[in-house]
Amino acid sequence: MVWDPRGQNSEPDAEPESGSEDRSMERKEEFREGLARLRNKAAGNYNHITIGEILACFPGMELTKDQIRLIYQYAEEERIIIEDYQPHDTRSVPLGEPKLTGEEKAYFKMYLEDLKGVVPCGADEAAMLAERLLTGDETALTRLTEGHLHLVLKIARRHSGRGVLMGDLVQEGNMALVLALDEMAAGTSFLAGGIREFLTARVETAMKALVSEQGDHEKAGEKMAREANRLLAATAELEEELGREATLTELSRRVNLPEDKVKELIRISLNAAEFSPDTGDGDLSSED
C-alpha cells in the first residue's frame, strides 16, 4: 500500500454512491473519530506518528484523496510529525522505514534493550522538570536527558540508510540533546513550540548536518580520486612524449592544477601505494 500525503499520484476518487443522508453523516463521524484516535496516538509518542499507525486509526475505511489531504492538513495544524515521509516531498512514499544492515539492526536492538527500563518523559513531566532545571537542579537535567533518549533513537532510525552508521547518528543526537538541555538550563532558549519540539528540532538539525557532512566527504574523496587518476595518466603521457620524467611544473600545466595541488595528489598516491599490497604499474613513486 502507498501513502500519498497530498493525494497525488493516486487514482481519482470514485463517484459518490447514492445513499441516505444518515450514512453520509455516519461516515463523517467515523472520520472525525479517526482523527481523534490519530491525535491521541501521536500525543503518546512525542507528537510523532507513522503512516501505518495513521491507517490503523481509520479501520475499515477506504480513505479518499480529499480525506488524505485533510489528514495531512490536520497533522500540520496539530504539529504532528509523520515519520515516514519528508513534508516537502510530494511523491508517493512506501510504508515503512529505511532498511537497516545486519550490524545496524543489531545495534538498534541492543540500544532498545538498554532503554527498556527508561520511561520516556511526558509533556507534563518535562514542563515540571524544565522549571526545576532553571534552578540548577541536576536531577532534573539527568531525568530530562534519559527521558528523551527514546526520541533520539527514533530520529536516528529515520535518518538511517543515508551513509552514516546508526551508532554515529545516535551519538550525534545524544550530544545535540545534551547541548539543547544546557541551553534550557541557562535560560537562553525560547521554547515557543514546546520542549519536545525544541529538542526534536535540535536533534534533527544535528543528524541532518552529519549526514550532509558525510556526503560532502564522499564527494570530496571521489573528486580527489579522479584528479589523482588524471595526474597518473598525464605523467605517463609526458614521459612518453619527452623521453624522461616530467617536472612538477610540466605536470601542473598538463592537468591545469596548481603545483601545490599536484604535490598533494602525488603524496596521496604515494601513501595509497605504500599501503596497497599491489601498486601495479604506472604509479607516481618516482615523483618528488
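Cluster annotation: V118 is connected to F108 through the hydrophobic network of ILVMFWY side chains, with a link wherever side-chain heavy atoms come within less than 4.5 Å. Taking hydrophobic clusters as Ile, Leu, Val, Met, Phe, Trp and Tyr residues chained together by side-chain heavy-atom distances below 4.5 Å, V178 does not share a cluster with I195.
Contact record, E172 with A206: CG-O, 3.8 Å, taken as the closest heavy-atom pair. The heavy-atom pair separating R143 from L129 by the smallest distance is CG-CD1, 3.3 Å. Scanning both residues, L134 and A185, for their nearest heavy atoms gives CD2-O, 4.0 Å. Here the closest non-hydrogen pair linking L199 and A180 is CD2-CB, 3.7 Å. N174 and Y111 get closest at one heavy-atom pair: ND2-OH, 3.2 Å. Residues M166 and S160 come closest through the heavy atom pair CE-CB, 3.9 Å.
By the 4.0 Å N-to-carboxylate-O rule, E213 lies too far from K208 to be salt-bridged with it. Between R253 and E250, no side-chain nitrogen of the basic residue sits less than 4.0 Å from a carboxylate oxygen of the acidic one, so the salt-bridge criterion is not met. Taking 4.0 Å as the cut-off between side-chain N and carboxylate O, E78 and R39 do not count as a salt-bridged pair.
The OG1 atom of T200 sits 11.0 Å away from the NZ atom of K154 when rounded to the nearest 0.5 Å. Note: I155 CD1 to R202 CZ = 13.0 Å, rounded to the nearest 0.5 Å. To the nearest 0.5 angstrom, E237 atom CD is 8.5 Å from E240 atom CD.
At distances below 3.5 Å, at least one donor-acceptor pair connects side-chain atoms of N40 with backbone N or O atoms of A36. With hydrogens and angles ignored, the 3.5 Å screen pairs a side-chain donor or acceptor of Q67 with a backbone N or O of T64. Put simply, the side chain of S252 never gets that close to the backbone of L248: no donor and acceptor are under 3.5 Å apart.
Side chains of L149 and L177 form a contact here, defined as non-hydrogen atoms less than 4.5 Å apart.
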Can V211 and L169 be said to form a side chain to side chain contact (heavy atoms under 4.5 Å, CB included), step by step?
-> CA-CA 8 Å; V211 171; L169 287 169; 4.1 Å; yes
Quick one: do R244 and E239 satisfy salt bridge (charged side-chain N to carboxylate O under 4.0 Å, His left out)? Show the steps, please.
-> CA-CA 5 Å; R244 58 173 173 80; E239 185 173 347; over 6 Å; no
Can you list the steps and then say if R32 with E29 is a salt bridge (charged side-chain N to carboxylate O under 4.0 Å, His left out)?
-> CA-CA 5 Å; R32 282 194 292 267; E29 183 60 29; 2.9 Å; yes
Test R254 against E241 for salt bridge (charged side-chain N to carboxylate O under 4.0 Å, His left out), laying out the working first.
-> CA-CA 12 Å; R254 175 59 65 95; E241 292 173 10; 2.8 Å; yes
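More than 12 heavy atoms of other residues, nucleotides or ligands lie within 6.0 Å of NZ in K261, so this atom counts as buried by the packing criterion.
Counted by atom type alone, T135 and R132 present zero donor-acceptor pairs between their side chains at under 3.5 Å.
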